[in-house]
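Just below is one structure, and these are the notes that go with it.
Naming convention: chains lettered A, B, ... in sequence-line order (proteins, then strands); numbering from 1 in each chain. Remember, predicted model here, so these are calculated numbers, not experimental data.
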2 protein chains.
Amino acid sequence: MPASSIRARVRAEMIDEIKAVARRHLSTDGANLSLRAVARDMGMVSSAIYRYFPSRDELLTALIIEAYDALGDAVAAADAGRDRLDLRGRWHAACRAARDWALAHPAEYALLYGSPVPGYAAPDATVEPAQRPPVTLVGILRDGLAAGRLDPPAEDLPEPVREDLAVIGAALFPGLPESLLARGMAGWTHLFGLISFELFGRLNRAVPHRDEYFDHQTALMADLIGLPA
Amino acid sequence: MPASSIRARVRAEMIDEIKAVARRHLSTDGANLSLRAVARDMGMVSSAIYRYFPSRDELLTALIIEAYDALGDAVAAADAGRDRLDLRGRWHAACRAARDWALAHPAEYALLYGSPVPGYAAPDATVEPAQRPPVTLVGILRDGLAAGRLDPPAEDLPEPVREDLAVIGAALFPGLPESLLARGMAGWTHLFGLISFELFGRLNRAVPHRDEYFDHQTALMADLIGLPA
DNA sequence: CCCGCGTCAAGAGCACTGCTCTCGAATTTG
DNA sequence: CAAATTCGAGAGCAGTGCTCTTGACGCGGG
């Protein structure tokens, strides 16, 4: 049925263009993007947008999912570009990729990891893409353990913590000791804080040498995890 | 001049009431608080608010500064409540105090540490209050070093990093080795990420035992810093 | 004491927002 | 070819921050 396909194709192109224009607005106006402004940029009237997105939040959700995917791809690609056994190299590459993506797309990063929009609840469709960056990071630990290059820390976790981490591990990293997973999550948590601090201007006048500071901070977390030099 | 003082006192009370009502709205409606709604709650018309605050952003700034102070006080009080030599106890108490405050005032925390409001630039008056929580945290390291209970890590920092940290240290923590300051900042960065993850719903279904997870994560950073058990 | 200055709240109004509904026009479908 | 679907435009609603004008009130100096 080529007839209906024409319409479908035009419609898909319209959706893509709306998202592209919205992304552009996002980078200048921040999270409060205006449907009317997007419509104006496309030579349309605001109500026409509603033919393609039922609400502004749905548009935001689409942008969020695409942003998660882009970030996840960037991190995964950087990790994949290193030798599987170069654990520290993979760690640094993945961390830097996340930071580079965030610096290149600050508004989208803020959309993902900034304060949640008051009325907006992230739909379930976003949780899988959101997991990809930390999964890539902890995957480095999994590989290191499997290759015998990384020893699980000799540490007894409090039982409730071990329990929670066991559930997470069973779903995403079967066989990974909980103590190692805990340190991987600490690394991910720290990485998020590090990028957010830089992006949200919290070390504006304090730290001029951003790149070096970032690398050293992530190296500290690699030490905590036990990644071999 | 008691006459003009009456006016001044009424005016100060009005300002306080506006801030109180705005804070209440903040906790329910998030960062996009409405001047008109605040005015309605006070039985006033929106334009009357402008007698006391020249713009919505100025009101936000006032709330931000008060929030920074409240958080800083909470952290400092928790730290001060422990024996000066119980470094790990102080660390945990300070971290927990920050988290407790954030959980009790999620909207204000988001205002401080969430994505920056697009048009809004934090005025200089906010930087000093913003420094107080991390200063309290790193102060624990300074005391530990002075008491001989904490050894600076034997580590050579990259020169640019050492340089930046030396400037920060000279202003706030004279005599503190840069390597230790770096770990203190890692701890602060991680703490911020940890609280944000919990508050912004990123470990909603994943980690049911929040308290224990939080304590264990901060303990990991205490390990990295080298705080003695 | 009381008049005038300064402060204050109110109201109207501007430009903007997300969103809904209706109405023609174009296009696809049977 | 006729019917059904899709689409864009426009008007309109309720809300926003903010400005300006108007009138009332309290205060201090003459």
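- Of the inter-residue distances, the one linking Arg99(B) atom CZ with Arg210(B) atom CZ reads 8.0 Å to the nearest 0.5 angstrom.
- The distance from atom CG of Asp57(B) to atom P of dG17(D) is 11 Å, rounded to the nearest whole Å.
- Between the side chain of Arg36(B) and the base of dG15(D) there is no donor-acceptor pair of N/O atoms closer than 3.5 Å.
- The shortest distance between the side-chain N/O atoms of Arg11(B) and the OP1/OP2 oxygens of dC8(C) is below 4.0 Å.
- Proximity of Glu108(A) to Leu112(A): side-chain heavy atoms (C-beta onward) are nowhere separated by under 4.5 Å.
- Rounding to whole angstrom units, CE of residue Met44(A) and P of dA25(C) are separated by 20 Å.
- Met42(B) comes within contact range of no nucleotide atom at all, as no heavy-atom separation falls under 4.0 Å.
- Between Ser34(A) and Pro54(A), the residue whose closest nucleotide on DNA chain C is further toward the 5' end is Ser34(A).
- The residue Arg51(B) sits close to a base: some heavy atom pair falls under 4.0 Å.
- In this structure, the CZ atom of Arg56(B) is 12 Å from the C1' atom of dC18(D), given to the nearest Å.
- Mapping Arg40(A) and Gly43(B) onto DNA chain C via the closest heavy atom, the residue that lands nearer the 5' end is Gly43(B).
- Counting any heavy atom pair closer than 4.0 Å across all strands shown, Ser46(B) reaches a base atom.
- In this structure, of dG17(D), dG18(C), dT17(C), it is dG17(D) that holds the atom nearest to the side chain of Leu35(B).
- In this structure, Arg142(B) is not positioned above the aromatic face of Phe173(B) in the sense of NZ or CZ being under 6.0 Å from the six-membered ring centre and within 45° of the axis.
- What separates CZ of Phe53(B) from P of dT7(C) is a distance of 17 Å, to the nearest Å.
- Judged purely by distance below 3.5 Å, without hydrogens or angles, the side chains of Tyr109(A) and Ser196(A) pair a donor atom with an acceptor atom.
- The aromatic rings of Tyr113(B) and Phe197(A) are tilted relative to each other, their planes meeting at an angle between 30° and 60°.
- For the pair Tyr50(A) OH and dG18(C) P, the computed distance is 6 Å after rounding to whole Å.
- OP1 and OP2 of dT6(D) both lie 4.0 Å or more from every side-chain N or O belonging to Tyr52(A).
- Look at CE on Met14(A): it is 16 Å from P on dT6(D), rounded to the nearest Å.
- Using a 4.0 Å heavy-atom criterion, one finds that Ile49(B) contacts no nucleic acid atom at all.
- Residue-level contact check: Leu59(B) touches neither bases nor backbone, having no heavy atom under 4.0 Å from any strand.
- Donor-acceptor pairing under 3.5 Å, judged by distance alone, is present between the side chain of Ser47(A) and the base of dG10(D).
- The distance between atom CD of Glu17(B) and atom P of dA9(C), rounded to the nearest whole Å, is 11 Å.
- We find that CD1 of Ile15(B) is positioned 13 Å from C1' of dT7(C), with the value rounded to whole Å.
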